[in-house]
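This structure is a prediction, so every number in the text was calculated from the model and none was measured.
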Amino acid sequence: MTTNKELRDTLQTVKELRDDIRFYKQVDISRAYRRTTSGIRRDERRARFLNVFSRAAAILFIPLLAGMFISLYLLNQRTGASVAESYAEVKVSPGTVMHVELPDRSRVWLNSESRLRYPVVFKEKTRPVELEGEGFFDVHTDAARPFEVTVPSGLKVIARGTEFNLKAYGDDDVNEVVLLEGAVDVTYNDRHATIRPGYMVKLDKKTGQTIRAAVQTDEKTAWKDGKIIFRNTPIEEVMKQLSRRYNVNITLQNPKQKPYLVRATFSTETIPQILDYLKIAAPIEWRIMKTEQNEDSTFDRQQINVIIK
């Protein structure tokens with residue numbers, strides 16, 4: 001006996017078959033055939049177009065690639081020229097020493113408050129640099145390209161591979177060139193001097209006179225190794241060097257204008273320790289002044305007053 005559920009399932013199946021028959025009667029078979037054939041032909045035309053385009057692109061790519069390489073080459077040439085004309089500048093903070101390696105592998109030690117300016121790429125004929133302050137130069141040997149150091153006074157040192165110390169602070173009355181190895185030429189205006197190791201050339205900026213003399217090189221170059229050596233150095237020069245080394249302002253008062261020469265070596269001592277030592281060697285008194293804070297919350301350099309009795 002057929003149940004109600006079986007009857008409902010049979011009727012549902014018959015309904016679905018009837019709906020399928022209606023759908024297929026509505027389908028235009030000829031139109032579907034034409035649409036399918038047209039799609040196939042369109043795909044064939046697209047394939048032929050892509051084939052022709054690929055061949056044309058391959059032909060055009062060669063001159064395009066060549067043009068790209070030419071443009072990159074010209075850009076590199078312009079960039080290289082720009083780099084060759086660019087300069088780097090190094091400034092040393094007060095109380096510090098800095099080591100710099102130049103593009104030609106020469107090495108430079110810069111003393112406190114010094115400035116060095118040099119090309120990013122040295123040109124073919126010379127290796128020019130500019131110095132203001134004090135520098136120790138270990139010049140890489142290149143006989144074909146002289147190494148030239150110019151200072152604000154106009155003095156110039158020309159080397160090809162050597163070691164020398166050049167002191168040329170703006171507030172000093174003299175410039176000093178001290179040679180350790182090799183040979184250097186020193187020029188100033190129309191004057192020229194060649195010096196050998198163990199000698200120095202000193203320029204008096206006020207008179208324009210140059211003097212060549214023997215010198216103890218360790219006294220002039222100890223600063224790069226963290227030492228200060230004084231060998232019968234006037235006390236005025238001592239105070240100036242201590243000011244740069246320790247980044248302080250030292251005011252020296254010498255009412256009686258008595259000349260005092262200092263002979264000593266310092267390395268790790270503090271400025272109070274050094275001044276106490278000098279107090280034993282000479283009749284001086286010194287005092288560290290109180291440092292006042294500025295309106296912008298900064299502080300000036302420490303002020304030290306030194307008086308020769």
Side-chain angles (χ1 to χ4, degrees), residues 84-92 98-224 237 240-241 244:
E85 296 172 355
S86 299
Y87 281 78
E89 185 172 280
V90 179
K91 293 182 178 181
V92 184
M98 182 179 294
H99 173 245
V100 180
E101 184 164 335
L102 301 181
D104 67 335
R105 291 182 291 168
S106 294
R107 297 182 298 165
V108 186
W109 285 259
L110 297 172
N111 205 350
S112 172
E113 299 180 292
S114 296
R115 180 184 67 87
L116 181 71
R117 185 172 183 266
Y118 59 92
V120 174
V121 177
F122 284 122
K123 295 181 179 179
E124 295 183 358
K125 295 182 179 180
T126 61
R127 294 175 283 167
V129 302
E130 301 170 11
L131 173 71
E132 182 176 355
E134 184 170 17
F136 179 90
F137 293 84
D138 182 1
V139 179
H140 180 70
T141 302
D142 188 346
R145 294 191 305 167
F147 188 93
E148 300 180 353
V149 187
T150 304
V151 300
S153 65
L155 182 140
K156 179 185 292 186
V157 180
I158 304 172
R160 288 171 174 80
T162 183
E163 294 182 359
F164 65 91
N165 194 85
L166 175 55
K167 185 179 179 183
Y169 283 100
D171 58 350
D172 284 351
D173 294 332
V174 297
N175 292 164
E176 294 180 350
V177 183
V178 178
L179 183 62
L180 281 75
E181 293 183 5
V184 296
D185 295 324
V186 180
T187 63
Y188 178 72
N189 292 339
D190 57 347
R191 277 165 286 182
H192 171 271
T194 300
I195 56 177
R196 62 179 187 268
Y199 279 76
M200 68 179 294
V201 168
K202 181 184 293 187
L203 166 67
D204 188 322
K205 294 192 297 183
K206 292 182 177 180
T207 63
Q209 294 182 343
T210 56
I211 301 172
R212 180 167 47 185
V215 67
Q216 292 180 312
T217 58
D218 59 340
E219 176 187 359
K220 300 296 183 179
T221 62
W223 61 266
K224 76 179 183 67
E237 177 63 23
K240 184 177 292 186
Q241 290 193 38
R244 293 194 183 111

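Scanning both residues, P128 and P119, for their nearest heavy atoms gives O-CD, 3.0 Å. Among all heavy-atom pairs drawn from A159 and V139, the shortest one is CB-CG2, 4.5 Å. When all heavy atoms of T217 and G198 are compared, the pair lying nearest together is CG2-CA, 4.0 Å. Between R244 and K167, the closest heavy-atom pair is NH1-CE, 4.2 Å. Of all the heavy atoms in V201 and A193, the pair that sits closest is CG2-CB, 4.4 Å. Heavy atoms only, all atoms of each residue included: L203 and S153 are closest at CD2-OG, 3.7 Å.
V178 has its side chain out of reach of I195: every pair of non-hydrogen atoms, C-beta onward, lies at least 4.5 Å apart.
Partners of E132 under the side-chain hydrogen bond (donor to acceptor under 3.5 Å, both in side chains) rule, at least two apart in sequence or in another chain, do not exist in this structure. Scanning for side-chain contact (heavy atoms from CB on, under 4.5 Å) contacts around K125 gives an empty result, with sequence neighbours left out. Remark: E130 engages R117 in a side-chain hydrogen bond (donor to acceptor under 3.5 Å, both in side chains) (not counting sequence neighbours). For R107, the side-chain hydrogen bond (donor to acceptor under 3.5 Å, both in side chains) partners at least two apart in sequence or on another chain are D138. With sequence neighbours left out, E219 forms a side-chain hydrogen bond (donor to acceptor under 3.5 Å, both in side chains) with T233.
Although no hydrogens or angles enter the test, the distance criterion places no donor-acceptor pair under 3.5 Å between the side chain of N189 and the main chain of R191. For the pair K205 (side chain) and G170 (backbone), a donor-acceptor distance under 3.5 Å is present. Judged purely by atom type and a 3.5 angstrom limit, R127 uses its side chain to pair as donor or acceptor with the backbone of H140. Remark: the backbone N or O of P146 is not paired with any side-chain donor or acceptor of T126 at under 3.5 angstrom.
Rounding to the nearest 0.5 angstrom, the gap separating the CG atom in L131 from the OG1 atom in T150 is 9.5 Å. From L179, atom CG reaches atom CE of M200 across 11.5 Å, with rounding to the nearest 0.5 Å. Rounded to the nearest 0.5 angstrom, F147 CZ and T141 OG1 are separated by 12.0 Å. With values rounded to the nearest 0.5 angstrom, T221 atom OG1 is found 11.0 Å from W109 atom CH2. Taking CD of E148 as the start and CZ of R160 as the end, the distance is 8.5 Å to the nearest 0.5 Å.
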Tell me, with the steps shown, if V90 and Y118 meet side-chain contact (heavy atoms from CB on, under 4.5 Å). CA-CA 9 Å; V90 179; Y118 59 92; 4.1 Å; yes

Report the C-alpha distance between V92 and N111 in whole Å, list the side-chain angles of each, state the deciding distance to 0.1 Å, and finish with yes or no for side-chain contact (heavy atoms from CB on, under 4.5 Å). CA-CA 7 Å; V92 184; N111 205 350; over 6 Å; no

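Test D172, D173, D171 against K240 for salt bridge (charged side-chain N to carboxylate O under 4.0 Å, His left out) and you get one pass: D172. Between V108 and the choices V149, L166, V129, L116, the side-chain contact (heavy atoms from CB on, under 4.5 Å) rule is met once, by L116.
With hydrogens and angles left out, the side-chain atoms of N165 and E176 include no donor and acceptor closer than 3.5 Å.
Atom CD of E237 has more than 12 neighbouring heavy atoms from other residues, nucleotides or ligands inside a 6.0 Å radius. The environment of CZ in R196 is sparse: at most 12 heavy-atom neighbours from other residues, nucleotides or ligands sit within 6.0 Å.
Pairs engaging residues 163-200 under the ring-ring contact (aromatic ring centres under 6.0 Å, His included) rule: F137-F164 [sequence neighbours left out].
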